[in-house]
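Right, one structure below, let's go through it.
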Amino acid sequence: MKTPGRTLFPLKDLNRNQQEAVTQTEGPLLVLAGAGSGKTRVITYRIAYLLQEKKVPPYALLAVTFTNKAAGEMRERVIGLAGKEGRAVWISTFHSACVRILRQHVEKLGISRHFSIFDESDSTRVIKEVLAEMNIDARILPPRRVSYLISRAKNALVEPDLMAEQGEVSRDHLMDRIVQAYRMYEERLRRSQALDFDDLLFFTWRLFEERPEVLRSYEDLLHYILVDEYQDTNHAQYQIIRQLSARHRNLCVVGDDDQSIYRWRGADITNILDFEKDFPEAIVVTLGENYRSTGHILGAASCLISKNKGRKEKELLAVRPDGQKVSAYAAMDEREEGGFIAASILQLIRHENFSYRDFAVFYRINAQSRAIEDTFLKMNIPYTIVGGVRFYDRKEIKDIISCLRLILNPADWGSFERIVNAPARGVGKASLDKIRAAGIEGLTPEEAVQSVLKSGAVKGKAAQGLGDLLEALLMLREKLSLGTPLDEFVVAVLDETGYLGALQAQATDEARNRIENLHELLAVVDDFLSDDRPGEISATETLAAFLDQISLVSDIDNLKEEGSSVTLMTLHMAKGLEFPVVFMSGMEEDLLPHYRAQGEPVEMEEERRLCYVGMTRARELLFLTMARRRRLFGQYDNTLPSRFFTDLPAENVELHRETVYPIPGITDSLASLPMPSEGKVAIGEFTYVPEPVEGEDRLRPGMQVRHPMFGVGQVMAVEGTGPDARITVYFPRGGKKKLIAKYANLQVV
DNA sequence: TACATCCTTCTTTTT
DNA sequence: GAAGGATGTA
């Protein structure tokens, strides 16, 4: 059957089950891919197989993932296997795919195809405005909660009316107001011609529901659909997938219920658990051999996850030898924990031939990174931190992006309000209120400005500033329509709006830093322009494509593998990655599992899955560390070891030999546990010495002290006594600082 | 209107 | 111990 001279499809690279997952191309297929079982390989081979063996044209394939990084890697590997043809396959994230569909068809739903994409901070801003207008006290109904509820509703494809119906059943006395807030929020978004992240999915679903001919055009095109990380799909994504695959039913979903960690964002684990119910003819292939981790690491992780109830019963077999046991370490506090991690890294590099890039440190929340960063800085360990404050969340970047959005979408009130007084133009709250009032009748922000200027409602400095802004916007739109290249155009925005000038005039360190960030944004633009993207003709379209791309990037997307540094990130970011050596820090009650998950058994299971995801990232060595006390709210608290320690089997895990403190559930091969004695508190099997908050009464002016951030300095004055004493210190590295004793953590040198 | 200062709350996790 | 909001002052 094979034509001579043509290379055979490399099916022999795969094990039996992987082969089945690749070659079972027709009909619904569920691939249960355990951690490290070669999932990406199966997906990419499957795509290549469809192209080469089944002669499926590339445009008939759609593969969706959750992150741009995953999509990018998938594309690279498909191109590697299938060559040029692979380039034409539609491989994308859910959100980007929806944007692409909506940009083309959303006008059928009465929304401008130049719609803005509101990110979370834009949405929060709108919600706060709405709640303020409704005169709702933030303590009764916090904006965060409203925002969460609206998002959850949208992910479940629930519109305000339906929410109201459901609310009648639940009889939440706040429900009326929440529904009203939802309605007003929607109304504001529509007035700004904006969609939020959840809308991208919701409106795609609605488009397909209301315009069957549009759905049909995609159905005609897409004969094979593949969904990665299926366990993390929410209801909206699930429905979109159903719509698209209803006709051909060649739907392949790949996932692992044990790695579902996005419930809080609407992910519905029943989508994967019930796949066989939804598609009765589905074939299920289980990939149960783990090629990544050593036997001890896998044994420990498998035992942990087996304690969960809501999962498909299955076992993951270790292909690799046992290796070293998982090591548990209890430090006195988070600084010592960081010290242990740093020392271990240096030691492993020296003695075991690892390099910096082989290490990753995971934590539950971003705030934990500081202590680790501090020690790494001190011990000169290069590190890359993923997540935290995103580049695109920086004020100056958001301002410029808002300006670009407003240029494209003049109805975008959110962006307008952001930039109307950035840089300062003398337009304060009073003027803005007048503009808003003028705009209430469906005017665009700029029309509203014109109206208040004409009526004389705004005068003086504010009027001058607004006039300048209008002029700048007008001139920039003109420049864009003349086809100014994007890089040149962004520079023009920086100049014409006076943004750069205002920063330069400030001449502070902070301003210089912001300018630097803006230069980085220009580098991003250049990067974007150097990608080949066929099909964009005008400068306007290029700008629109640029904005779409940066609206949908996450921090993980920029993680490069070639660097030589230790990677620091949250457990959530770690999904899909692997490292030779992994440290999981903060293995404590209230951190992992997080205190917000206490109580609800479903949430506790998700925390356990999170722990499982972290552990299964490790190839050779895995360390679980905790601190007996930790400063998280600026204050030290004693901790309890994570309950997950007690889920681990003794044969795979041992207490690190340098640990001074015991951990319940972890066998110490050397010593027996010390008995509780006077002055100690026994909690369960664990013993604590309550750590007194250090009194700083011993500090006197003239003394040398060390501060974790500013280094060594000299005490200039002490006001008051005890933990609340105010201490003035002069630091050669940081200048004069006024510190509160209990927070400052000063050490006498 | 802008800036300083005090107070509160905050911490999950992110496309 | 930061960031955002509220309040007070120039």
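Keep in mind that what you see is a predicted model, and the values were worked out from it rather than measured. Letters A, B, ... are given to chains in the order of the sequence lines, protein chains preceding strands, and every chain is numbered from 1.
- N366(A) comes within 4.0 angstrom of the backbone, heavy atoms only, and of no base.
- Cation-pi geometry between R206(A) and F202(A) is met: the NZ or CZ atom falls under 6.0 Å from the ring centre, inside 45° of the normal.
- Applying the 4.0 Å criterion to OP1 and OP2 of dT1(B), one finds that N421(A) has every side-chain N and O outside that range.
- Cation-pi geometry between R617(A) and F579(A) is not satisfied (NZ or CZ under 6.0 Å from the ring centre, within 45° of the ring normal).
- Mapping E603(A) and A462(A) onto DNA chain B via the closest heavy atom, the residue that lands nearer the 5' end is A462(A).
- Residue-level contact check: D196(A) touches neither bases nor backbone, having no heavy atom under 4.0 Å from any strand.
- Between K461(A) and Q237(A), the one whose closest nucleotide on DNA chain B sits nearer the 5' end is K461(A).
- Among the atoms of the strands shown, none is found under 4.0 Å from any heavy atom of F94(A).
- For the residue pair D399(A)/Y499(A), the side-chain donor-acceptor check at 3.5 Å is satisfied.
- The residue S96(A) sits apart from the nucleic acid: no heavy atom pair falls under 4.0 Å.
- Residue-level contact check: F66(A) touches the backbone only, with heavy atoms under 4.0 Å from sugar-phosphate atoms and none from bases.
- Side chain of R265(A), nearest nucleotide from dT13(B), dG1(C), dT15(B): dT15(B).
- Taking the six-membered ring wherever Trp is involved, the centroid distance between the rings of F66(A) and H95(A) does not fall below 6.0 Å.
- R144(A) comes within 4.0 angstrom of the backbone, heavy atoms only, and of no base.
- Nearest nucleotide to the side chain of Y595(A), out of dT1(B), dT14(B), dT11(B): dT11(B).
- Distance check on atom P: dT13(B) versus dG4(C) gives 15 Å, rounded to whole Å.
- Note on A430(A): only backbone sugar-phosphate atoms sit closer than 4.0 angstrom, heavy atoms only; bases stay farther off.
- Backbone-only contact: K128(A) has heavy atoms under 4.0 Å from sugar-phosphate atoms and none from a base.
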